[in-house]
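Read through the structure below, which is laid out as structure tokens, and then see the notes.
The analysis underlying the following values was restricted to heavy atoms, covering all of them including side chains, and did not include hydrogens, waters or symmetry mates. Lettering follows sequence order; numbering is per chain, from 1.
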Amino acid sequence: MDIMVEGNSVSVPDGSSFADALKAGLSGKRFKAAVAARLGDGLFDLSSAIPGNSGGASADILAVTLDTPEGLEILRHSTAHVMAAAVQNLFPDAKVTIGPAIENGFYYDFDVKKPFSVDDFEAIEAEMSRIAKLALPYTRRVLSRDEAVKVFAVKGETYKVELIEDLDAADVSLYQIGDFEDLCRGPHLPNTGFVRAFKLLSVAGAYWRGSEKNKMLSRIYGTVFAEEADLKKYLNRLEEARKRDHRKLGRELELFDFHEDVAPGMVFWHPKGMLVRTIIEDFLRKEHLKRGYELVQGPQLLRRELWEKSGHYANYRENMYFTEIEGDVYGVKPMNCLAHMLVYGSKLRSYRELPVRFAELGVVHRHEMSGALHGLLRVRQFTQDDAHIICRPDQLEDEIIGVITLVRDLFTLFDFSYKIAVSTRPEKCIGTDEDWERATGALIKALDKVGIQYTINEGDGAFYGPKIDVKVTDSLEREWQCSTIQCDFTLPERFELVYVGADGDRHRPVMVHRAILGSLERFIGILVEHCAGAFPAWLAPVQARLLTVTEAHDEFAQKAKDALLRAGIRIEADLRNEKLGYKVRQAQMEKIPYILVIGDKELEAGGVNVRLRNGDTVGLKTLDEVKDIILADCEQPFKNGGMNYRFS
RNA sequence: GCCCACGUAGCUCAGUAGGUAGAGCGCGUCCUUGGUAAGGACGAGGUCAGCAGUUCAAUUCUGCUCGUGGGCUCCA
């Protein structure tokens with residue numbers, strides 16, 4: 001009995017396959033809905049839908065529908081095959097390499113004489129559609145390695161031969177659609193007919209196997225979804241992300257810019273951006289002092305000998321700037337820890353003094369590869385909200401708790417979601433077993449005590465100690481590492497840091513490097529995208545602007561401005577000889593939270609008419625009321641800005 | 001660094017099949033005193049990223065340099 005679709009009613013008999021559903025004209029979503037009641041949670045056995053597959057334990061068992069994460073991955077991987085088939089039909093010389101599903105789509109790398117360009121997309125997409133409409137089955141066969149090598153060698157697919165030769169397995173699986181056969185673990189869709197809502201997005205160069213020693217291949221990125229509507233939604237989200245690009249908003253809102261010709265990768269902060277930055281900096285300083293940190297500051301330049309002692313000269317020189325004068329070579333600091341250690345070591349310290357917490361908004365320079373630079377998100381000169389905690393081993397856990405609490409509080413304040421990972425001992429490392437156990441244990445216990453979820457990256461720690469990394473997610477769904485909390489066994493050793501214990505002997509302290517926002521530049525870049533440039537009132541460089549209807553209202557506007565300035569509100573008056581609509585438009589495009597209009601009515605009432613940047617009107621208010629409204633708003637960091645902001 | 005694309009007015013972009021360039025916004029001056037997203041007129045602004053080469057002639061073609069954008073991790 002076949003699947004029957006009549007209007008909204010669907011009957012799905014036992015043993016129906018995904019292919020049957022397609023034949024009956026069911027979409028992924030409707031099919032899922034139809035089977036959910038029968039098999040629970042949308043799971044469905046597709047094994048019988050795969051031609052040449054007899055089912056059973058050794059076969060591909062697909063228990064998915066297309067719009068689940070598992071289903072999308074299969075759809076995307078299968079679409080990559082369709083694209084490769086299309087490319088080989090159109091460009092017979094193209095050699096195929098690899099083509100996996102990725103987070104929001106798929107890619108395939110080709111070796112071609114002339115790299116692909118977006119101009120090729122139309123033809124490739126048309127050929128893909130043609131292949132998809134044929135609903136060609138994906139057929140699977142298993143060959144021994146030697147047989148498989150022969151198959152690809154005959155076709156001249158040298159990359160595939162290399163891949164197979166590097167494999168450990170005795171047998172490998174191949175999947176074929178039409179004439180196109182690819183080395184592939186699978187699983188795949190029953191047939192190419194499912195590939196409908198797809199789009200090619202971009203071309204890029206990519207090294208064979210990711211190594212810059214290898215040949216540069218031509219990569220095509222694309223995406224595919226179960227439904228046309230899902231694809232549209234995704235493309236709209238990309239468009240929204242482009243509107244929020246911090247580089248665009250940075251210029252439009254006069255926050256910052258770059259002068260690439262004279263200082264690539266280094267920021268010029270304009271008054272409004274500098275104000276935002278200063279507000280954050282002031283807040284950070286206060287918050288650190290509250291939590292028992294002390295502020296210090298070291299020099300930008302330190303003699304080469306010191307970098308040799310720390311190991312940076314041997315390991316990090318490529319990324320450092322150097323300058324020479326009168327025969328002395330100085331390194332521009334790429335991190336702040338050395339100066340902090342010198343401050344610590346300037347006198348003999350008792351165990352009673354510990355922990356010592358030195359904080360610095362430290363300006364560092366790192367020579368990143370030119371191709372890696374990206375607006376505020378990857379720069380060569382940046383400011384870390386850095387601190388070094390030097391403590392006794394028995395204090396480590398409490399100190400980590402303090403740092404994690406700060407991480408939690410700050411990201412909550414800024415309305416960010418974040419992910420935490422603990423990286424443990426790598427194979428190549430220094431320090432004793434005891435050191436590693438205690439430090440790693442302290443990190444994990446601290447996270448548990450604060451009650452924050454985390455994942456563990458086995459063996460991903462630095463050679464000098466375990467660490468906690470925190471990543472926040474931006475509006476493009478990109479993850480950016482912000483916080484890092486690193487235990488360090490090596491620098492206290494190299495710099496012979498000591499404290500005098502209760503026993504009168506000298507002991508070696510532990511050092512924790514930590515930054516919370518990471519780099520202020522990067523953080524502000526992420527923040528601008530996060531809130532689409534509509535800063536919450538407490539951060540907005542201009543919190544309110546007074547607009548006059550005619551010059552008859554200028555005098556009162558001036559008085560109102562002075563009164564609100566004295567109340568601590570960042571306010572401007574727009575007294576220009578322009579129409580009200582013009583001034584409103586401009587203030588709103590600048591995303592100023594409060595627009596205060598003064599005309600005859602307001603003059604008579606002795607107040608202002610309040611309008612919000614989302615277009616809502618609050619109405620006539622006295623100056624005292626306006627003051628209270630704005631100051632109260634500042635107490636609720638993200639109520640009127642943040643992700644709630646919408647472009648008009 | 002490497003691959004591809006790109007670099008024209010402050011911004012967003014058009015244009016020149018080789019004969020030194022335009023629009024809109026912004027900016028300036030003047031007119032307009034106007035009630036919640038653009039009132040009008042006139043005007044100023046460009047060594048067409050930089051350096052070389054080909055040519056009678058280069059912003060346009062070629063090469064190099066600088067810079068920008070998308071990528072270069074996610075195992076067939």
Side-chain angles (χ1 to χ4, degrees), chain A residues 73 77 80-81 84 96-104 106-109 112 114-120 145 148 152 157 159-169 172-175 181-186 201-221 242 245 247-248 251-252 254 257-265 318 367-375 547-554 576-590 595-602 609-618 648:
Chain A
E73 191 183 334
H77 189 181
H81 278 237
V96 291
T97 65
I98 60 168
I102 53 175
E103 193 170 344
N104 287 309
F106 60 89
Y107 68 80
Y108 210 112
D109 287 346
V112 280
K114 181 180 172 297
F116 294 114
S117 85
V118 290
D119 299 336
D120 298 317
R145 276 178 43 177
F152 288 105
E157 296 289 5
Y159 293 92
K160 292 291 174 189
V161 170
E162 184 182 330
L163 285 172
I164 297 167
E165 282 172 345
D166 283 356
L167 283 175
D168 265 344
V172 298
S173 58
L174 281 69
Y175 278 81
E181 189 170 42
D182 199 356
L183 170 71
C184 187
R185 178 168 28 190
L201 296 174
S202 60
V203 290
Y207 298 106
W208 168 235
R209 295 188 148 180
S211 166
E212 62 187 7
K213 290 183 186 122
N214 291 337
K215 182 158 184 185
M216 180 68 72
L217 305 171
S218 181
R219 172 175 298 182
I220 300 178
Y221 282 97
R242 263 191 286 278
D245 191 310
R247 294 165 298 187
K248 180 169 149 36
R251 192 177 49 246
E252 288 172 0
E254 297 187 50
D257 74 350
F258 289 88
H259 294 243
E260 290 89 0
D261 48 341
V262 295
E318 298 295 303
H367 189 84
E368 303 293 345
M369 289 194 293
S370 62
L373 302 178
H374 181 91
L547 311 184
T548 50
V549 178
T550 75
E551 63 187 16
H553 315 111
D554 287 3
R576 288 177 304 169
N577 176 14
E578 297 287 353
K579 289 199 172 171
L580 183 59
Y582 181 88
K583 297 184 188 182
V584 167
R585 177 170 190 268
Q586 194 154 338
Q588 205 148 320
M589 288 199 306
E590 289 176 42
I595 298 169
L596 312 176
V597 175
I598 300 179
D600 287 342
K601 272 180 282 178
E602 291 76 21
N609 204 300
V610 181
R611 179 188 164 113
L612 305 178
R613 62 185 157 195
N614 65 6
D616 290 351
T617 306
V618 175
S648 53

Take atom [atom1] in [N] and the same atom in [M], then report the distance between them in whole Å.
| N | M | atom1 | result |
| --- | --- | --- | --- |
| B:C64 | B:U54 | C1' | 15 Å |
| B:G35 | B:U16 | C1' | 48 Å |
| B:C56 | B:C66 | C1' | 31 Å |
| B:U59 | B:G18 | C1' | 10 Å |
| B:G26 | B:G45 | C1' | 11 Å |
| B:U68 | B:U29 | P | 36 Å |
| B:C61 | B:A17 | P | 11 Å |
| B:A37 | B:G69 | P | 35 Å |

Distances under 3.5 Å only, N/O to N/O: pair up the protein atoms with those of nucleotides 46-51 of chain B.
none

Closest-nucleotide mapping onto RNA chain B: is A:Lys160 or A:Ala552 further toward the 5' terminus? I mean the 5' end.
A:Ala552
Comparing A:Gly581 and A:Met216 on RNA chain B - which has the more 5′ nearest nucleotide:
A:Met216
Dot-bracket, 5' to 3', for RNA chain B please: Watson-Crick or G-U pairs under 3.5 Å, [ ] where pairs cross earlier ones, | where the partner sits on another strand, dots elsewhere.
(((((((..((((.....[..)))).(((((.......))))).....(((((..]....))))))))))))....
Please classify the glycosidic conformation of B:G45 as syn (within 90° of 0) or anti (everything else).
syn
Nearest whole Å is fine: how far is [N] [atom2] from [X] [atom1]?
| X | N | atom1 | atom2 | answer |
| --- | --- | --- | --- | --- |
| A:Ile102 | B:U73 | CD1 | P | 12 Å |
| A:Arg576 | B:U33 | CZ | P | 18 Å |
| A:Arg219 | B:C72 | CZ | C1' | 7 Å |
| A:Leu373 | B:C66 | CG | C1' | 13 Å |
| A:Leu547 | B:G34 | CG | C1' | 14 Å |
| A:Gln588 | B:A37 | CD | C1' | 6 Å |
| A:Met589 | B:C25 | CE | P | 12 Å |
| A:Glu254 | B:G26 | CD | P | 13 Å |

Can you tell if the side chain of [X] reaches within under 4.5 Å of the side chain of [Y], non-hydrogen atoms only?
| X | Y | result |
| --- | --- | --- |
| A:His374 | A:Arg247 | yes |
| A:Asp109 | A:Tyr159 | no |
| A:Tyr108 | A:Asp182 | yes |
| A:Lys215 | A:Thr97 | no |
| A:Arg209 | A:Leu163 | yes |
| A:Val597 | A:Arg611 | no |
| A:Asp600 | A:His553 | yes |

Supply the atom-to-atom distance A:Lys160 NZ to A:Glu181 CD, rounded to the nearest 0.5 angstrom.
11.0 Å
Taking atom CD1 of A:Ile164 and atom CG of A:Leu174, what is their separation to the nearest 0.5 Å?
6.5 Å
Short N/O separations, protein against nucleotides 10-14 of chain B, under 3.5 angstrom:
{"residue": "B:C11", "atom": "O3'", "partner": "A:Arg251", "partner atom": "NE", "Å": "3.4"}
{"residue": "B:U12", "atom": "OP1", "partner": "A:Arg251", "partner atom": "NH2", "Å": "3.0"}

Counting only side-chain heavy atoms from C-beta out, which of [options] sits nearest to [X]?
| X | options | value |
| --- | --- | --- |
| A:Pro264 | B:G70, B:C4, B:U68 | B:U68 |
| A:His374 | B:G35, B:C72, B:G70 | B:G70 |
| A:Leu580 | B:A38, B:C75, B:G35 | B:G35 |
| A:Asn609 | B:G34, B:G35, B:G70 | B:G35 |

Does the side chain of [X] get closer than 4.0 angstrom to OP1 or OP2 of [N] through an N or O atom?
| X | N | value |
| --- | --- | --- |
| A:Tyr221 | B:C72 | yes |
| A:Arg247 | B:G69 | yes |
| A:Tyr207 | B:G1 | no |
| A:Arg611 | B:A37 | yes |

Quick one: label [X] by what it contacts on the DNA or RNA (base, sugar-phosphate, nothing), any heavy atom closer than 4.0 Å.
| X | result |
| --- | --- |
| A:Gly599 | base |
| A:Asp166 | nothing |
| A:Tyr107 | sugar-phosphate |
| A:Lys583 | nothing |

If you go through the side-chain atoms of A:Tyr582, does one of them form a donor-acceptor pair with the base of B:G35 closer than 3.5 Å?
no
I'd like to know if A:Glu602 reaches the base of B:G35 with its side chain, counting only an N/O donor and acceptor under 3.5 Å.
yes
Going by salt bridge (charged side-chain N to carboxylate O under 4.0 Å, His left out), name the residues that satisfy it together with A:Glu602, two or more places apart in sequence or in a different chain.
none
Just to verify, what does A:Glu578 make a salt bridge (charged side-chain N to carboxylate O under 4.0 Å, His left out) with, not counting sequence neighbours?
none
Go through the steps to decide whether A:Leu373 and A:Glu368 satisfy the test side chain to side chain contact (heavy atoms under 4.5 Å, CB included), and finish with yes or no.
CA-CA 7 Å; A:Leu373 302 178; A:Glu368 303 293 345; 4.1 Å; yes
Please name the pair of heavy atoms, one in A:Tyr107 and one in A:Ala80, separated by the smallest distance, quoted to 0.1 Å.
O-CB, 4.0 Å
What is the minimum heavy-atom distance between A:Cys184 and A:His81, and which atoms define it?
SG-NE2, 3.6 Å
Side chain to side chain donor-acceptor pair (under 3.5 Å) filter on A:Glu252, not counting sequence neighbours, yields A:Lys248
